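What follows is one structure encoded as structure tokens, with my remarks underneath.
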2 protein chains.
Amino acid sequence: MTDNIFKKHNLRITDIRKEVLDCFVQSDIALSHSDIELLLFKEYDRVTIYRTLNSFLEKGILHKVFDDSGVAKFALCKYDCNEHQHNDNHVHFKCEVCSKVICFHDMQIPHLPVLKGFSIHHINLLVQGVCPECQVQ
Amino acid sequence: MTDNIFKKHNLRITDIRKEVLDCFVQSDIALSHSDIELLLFKEYDRVTIYRTLNSFLEKGILHKVFDDSGVAKFALCKYDCNEHQHNDNHVHFKCEVCSKVICFHDMQIPHLPVLKGFSIHHINLLVQGVCPECQVQ
DNA sequence: AAAAATAGTGCAACACTGTTGCATATTTAA
DNA sequence: TTAAATATGCAACAGTGTTGCACTATTTTT
Ligand SMILES: [Zn+2]
Ligand SMILES: [Zn+2]
Ligand SMILES: [Zn+2]
Ligand SMILES: [Zn+2]
């Protein structure tokens, strides 16, 4: 039950939150606001969906993924993120055929040479290519 | 003179094109449409600026950089890109303080483990942190 | 159990990014 | 210098995302 997740993160349990979280739990790809809008059973105000996504983001339930489209997508945080810290330094993949974006939660981002004068806080790696389902045999 | 660049890429030499290209030549950071709008001397229609950026993109004069803001930024292509192929597989850095985005043209993107079933065409790597100018001493 | 405090939702409005269609203007080549 | 090709400006639009405010629902306090 997703209710525990809300309790853990100090969010009130509401219909839209349950529905939106279910979308992510049942999806293996990152979802945008408009994806969510299509997936929901009940109709909710656009703004409410945005606010739901933002509160999930803030609390560490979701993380944000940017692909080359400029539209924000979201995916579940796998490793205990919270409102103080996110730990989502994994690789993302975008299929150029079906446009699906997926998390490679377990693929480490390789080390980079140290940059003189720059401090590094976060690395974002997006791989673009063709996913197994879209491969031409 | 930037005119040769236009001739090389089969673009007519116009005022806006010269001005926009100058912005990039004189800038060491990636620029967005609205950055450009502020930098231009003459006033041009927003749409014309978009079209200028898109034609430069298409011809391989500029490449597109996406940071976590979702707004497209552009930067000069360094290694002879053209309308058939871009070769801009380098690392980008975004400073979390000043928000400037810069190209690390010569930093190679490290190799990733091969992914079963996925084919990789392009890798996009954005490093976020603090640039030398924004470091607190 | 009722009242007060807190948090969430819906609506209207807005700002910004980016695109398209079409008429007009400018370049370039003949 | 004219015709063809290309570029620009304007109007309109679609999509993404935010804010303010009134209203509603949920918790907490009394
Ligand atoms: Zn996270
Ligand atoms: Zn992810
Ligand atoms: Zn390029
Ligand atoms: Zn670059």
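Proteins get letters first, then strands, A, B, ... in listed order; numbering begins at 1 in each. Just the heavy atoms: all of them, side chains too, but no hydrogens, waters or symmetry mates, feed the values below. Remember, predicted model here, so these are calculated numbers, not experimental data.
One interatomic measurement links the two molecules: CZ of F6(B) to P of dA5(D), which rounds to 23 Å at whole-angstrom precision. Rounded to whole angstrom, the span from the OH atom of Y50(A) across to the P atom of dG20(D) amounts to 18 Å. As a whole-Å value, the separation of D68(A) CG from dG18(C) C1' is 15 Å. Between D45(B) atom CG and dC22(C) atom C1' there is a gap of 13 Å when expressed in whole angstrom units. A straight line from CG of D67(B) to C1' of dT17(C) spans 14 Å, rounded to a whole angstrom. What separates CG of L53(A) from P of dT16(D) is a distance of 12 Å, to the nearest Å.
Under a 4.5 Å side-chain heavy-atom criterion applied to ILVMFWY residues, the cluster that includes V130(B) comprises V97(B) as well.
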Note to self: Between D80(A) and K8(A), is the salt bridge (Lys or Arg N to Asp or Glu O under 4.0 Å) condition met? List the steps.
What the structure shows: CA-CA 11 Å; D80(A) 266 340; K8(A) 188 173 122 196; 3.4 Å; yes
Next item on the list: For ring pair (Phe, Tyr, Trp, His ring centres under 6.0 Å), just list the numbers for Y44(B) and Y50(B), CA-CA rounded to whole Å, side-chain angles, deciding distance to a tenth of an Å, and then say yes or no.
Entry: CA-CA 10 Å; Y44(B) 300 93; Y50(B) 275 112; over 10 Å; no
Item checked: F118(A) vs F93(B), ring pair (Phe, Tyr, Trp, His ring centres under 6.0 Å): CA-CA, chis, key distance, verdict -> CA-CA 9 Å; F118(A) 292 85; F93(B) 180 89; 4.7 Å; yes
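Each of H33(B) and N10(A) was matched to the nucleotide of DNA chain C holding its nearest heavy atom; the match closer to the 5' end belongs to N10(A). Of the two residues contacting DNA chain D, namely R46(B) and D15(B), the nearest-nucleotide position lying further toward the 5' end is that of D15(B).
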Restricting both atoms to N or O, compile the protein contacts to nucleotides 21-27 of chain D shorter than 3.5 Å, with distance only.
{"from": "dT26(D)", "atom 1": "O2", "to": "R12(A)", "atom 2": "NH1", "distance (Å)": "3.4"}

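Nucleic acid contact for N54(A): sugar-phosphate only, since backbone atoms but no base atoms lie under 4.0 Å from a heavy atom of the residue.
Here the side chains of H9(B) and E83(B) are not in contact, with every heavy-atom distance at 4.5 Å or above. Inter-residue side-chain proximity for I5(B) and R17(B) is flagged as unmet; no heavy-atom pair is nearer than 4.5 Å.
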